[in-house]
Amino acid sequence: MEDFKQMKEVMYTAEKNRIDGLDALKTIAAALVIFLHCSYQSDAGSHLRFIELTGVPIFFCISGYFFSDIKNGAKEKVYVKKIIMLFFEGIVVYSIYNGARIFLRNDGLPDGIGIKECLQYLIKLIIFNVPGVAYNHLWYLLALLYVFAIVNIVWKYNRTIILNNKLLIAVITVLLTCNCILGTYSKLILGFELDTFFSRNWLFDGLPFYLIGILYKQCRKNENGGSKTSVWAVLLLLCAGIIENELIINYQISNYGDCLIITPFLVWMFLKLFSERSCGRKCRLAKIGRENSSDIYIYHPLVLAAVQKFEKFGGGGKYFVSKEYCHAFIGSMCFWRNICIQFM
């Protein structure tokens with residue numbers, strides 16, 4: 001009963017502090033994550049992959065943006081409990097799903113499962129947030145838990161560290177540089193490619209983008225740029241992203257990591273665009289982001305798997321909706337909305 005009362009208080013506080021634009025951005029971020037996990041119908045769409053890579057970073061940044069609200073409401077225990085419940089819910093669901101697949105295919109259990117393999121699994125799970133028994137996208141929830149715990153400890157020990165914008169910028173720069181070196185540009189810089197979990201984890205992916213959310217909120221009151229500046233800045237950053245994307249494709253610099261050089265700048269500008277404008281409480285995008293973004297993120301692989309099976313059963317073999325059209329739709333929707341706001 002006490003937990004229920006606390007949850008209601010947290011929901012009430014969250015409702016007061018909600019920003020409709022960021023709720024809408026969560027919906028778009030969930031869509032970008034979905035695009036990452038399904039195939040293109042042509043090679044043309046791969047040139048927009050740098051936009052998809054902003055999906056998970058946007059989620060981390062929005063969580064970081066509301067860190068101070070959670071602290072001021074003194075409801076971090078309920079927040080942590082919610083993340084833990086979502087993570088174990090995902091682990092249970094996907095463990096059952098994968099077990100059912102093995103049973104139906106009569107594949108049997110993989111060979112060589114022993115103490116050594118179990119220890120390796122635990123090390124990957126604890127250090128690199130790799131949920132081996134489930135889909136790897138659940139790493140985000142465990143990483144978010146780690147990041148919140150670390151920032152919370154630092155806040156309680158010496159909150160001036162979190163409030164020091166110059167220090168935050170330095171930490172973010174170092175961590176994201178390590179992300180690029182161990183991830184996207186590992187082949188170019190190190191001479192070989194590393195597994196994605198070396199860069200996709202709480203330290204080099206979750207923490208810097210969470211801190212970007214905190215940094216943006218602290219800088220927001222000092223920003224005087226208008227709507228036109230934000231829109232044109234995003235357009236320029238998109239051009240820079242296209243150039244970086246083309247260099248990676250044409251020169252085969254590396255397989256994609258989870259972060260490009262342009263990624264944090266794009267995420268910052270998306271935060272600026274959507275946090276400074278209200279789309280209204282009844283906006284469909286905001287409502288989906290507010291009520292369903294977590295479920296979309298956790299369960300979208302099941303939907304994609306079902307669609308893929310249905311298409312194969314029907315003799316298709318390709319997705320019904322081209323990712324290129326999806327990108328065009330979401331891109332035009334976002335920018336048209338922001339451009340219209342300038343002249344209203």
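Just so it is clear, the model here is predicted, and its values are computed rather than measured.
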Legend entry - Test salt bridge (charged side-chain N to carboxylate O under 4.0 Å, His left out) applied to Asp69 and Lys217, step by step: CA-CA 11 Å; Asp69 296 319; Lys217 187 169 187 178; 2.9 Å; yes
Inset, instruction - For Phe198, check ring pair (Phe, Tyr, Trp, His ring centres under 6.0 Å) against everything at least two apart and list the hits. - result: Phe128
Inset, instruction - List for me each residue that meets ring pair (Phe, Tyr, Trp, His ring centres under 6.0 Å) alongside Tyr210, sequence neighbours excluded, and say none if there are none. - result: none
Legend entry - Main-chain N/O of Ser275 paired with Arg220 side-chain donor or acceptor, under 3.5 Å: yes
Inset, instruction - Taking Glu244 for its side chain and Ile261 for its backbone only, find out whether a donor-acceptor pair lies under 3.5 Å. - result: yes
Legend entry - Contacts of Asn164 that satisfy side-chain hydrogen bond (donor to acceptor under 3.5 Å, both in side chains) - sequence neighbours left out: none
Legend entry - Set of ring pair (Phe, Tyr, Trp, His ring centres under 6.0 Å) partners for Phe204, sequence neighbours left out: none
Inset, instruction - Can you see which heavy atom on Glu193 is nearest to which on Ser186, and at what distance? - result: CA-OG, 3.4 Å
Legend entry - For the student: nearest non-hydrogen atoms of Ile189 and Ile181, plus distance: CD1-CG1, 3.7 Å
Inset, instruction - Given ring-ring contact (aromatic ring centres under 6.0 Å, His included), test Phe209 with Phe59 step by step and report yes or no. - result: CA-CA 9 Å; Phe209 285 109; Phe59 278 119; over 10 Å; no
Legend entry - Tyr299, OH atom: more than 12 neighbouring heavy atoms under 6.0 Å: yes
Inset, instruction - Under the ring pair (Phe, Tyr, Trp, His ring centres under 6.0 Å) rule, collect the residues that match up with Phe148, sequence neighbours excluded. - result: Phe67, Tyr79
Legend entry - Leu302 and Tyr94, any side-chain heavy atoms less than 4.5 Å apart: yes
Legend entry - Min side-chain heavy-atom separation Asn165-Cys219 under 4.5 Å: yes
Inset, instruction - Sorted by first residue and then second, give each side-chain hydrogen bond (donor to acceptor under 3.5 Å, both in side chains) pair with at least one member in residues 197-208; sequence neighbours left out. - result: Arg200-Asp258
Inset, instruction - Would you name the heavy atoms of Cys180 and Cys259 that are closest together and state the gap between them? - result: SG-O, 3.9 Å
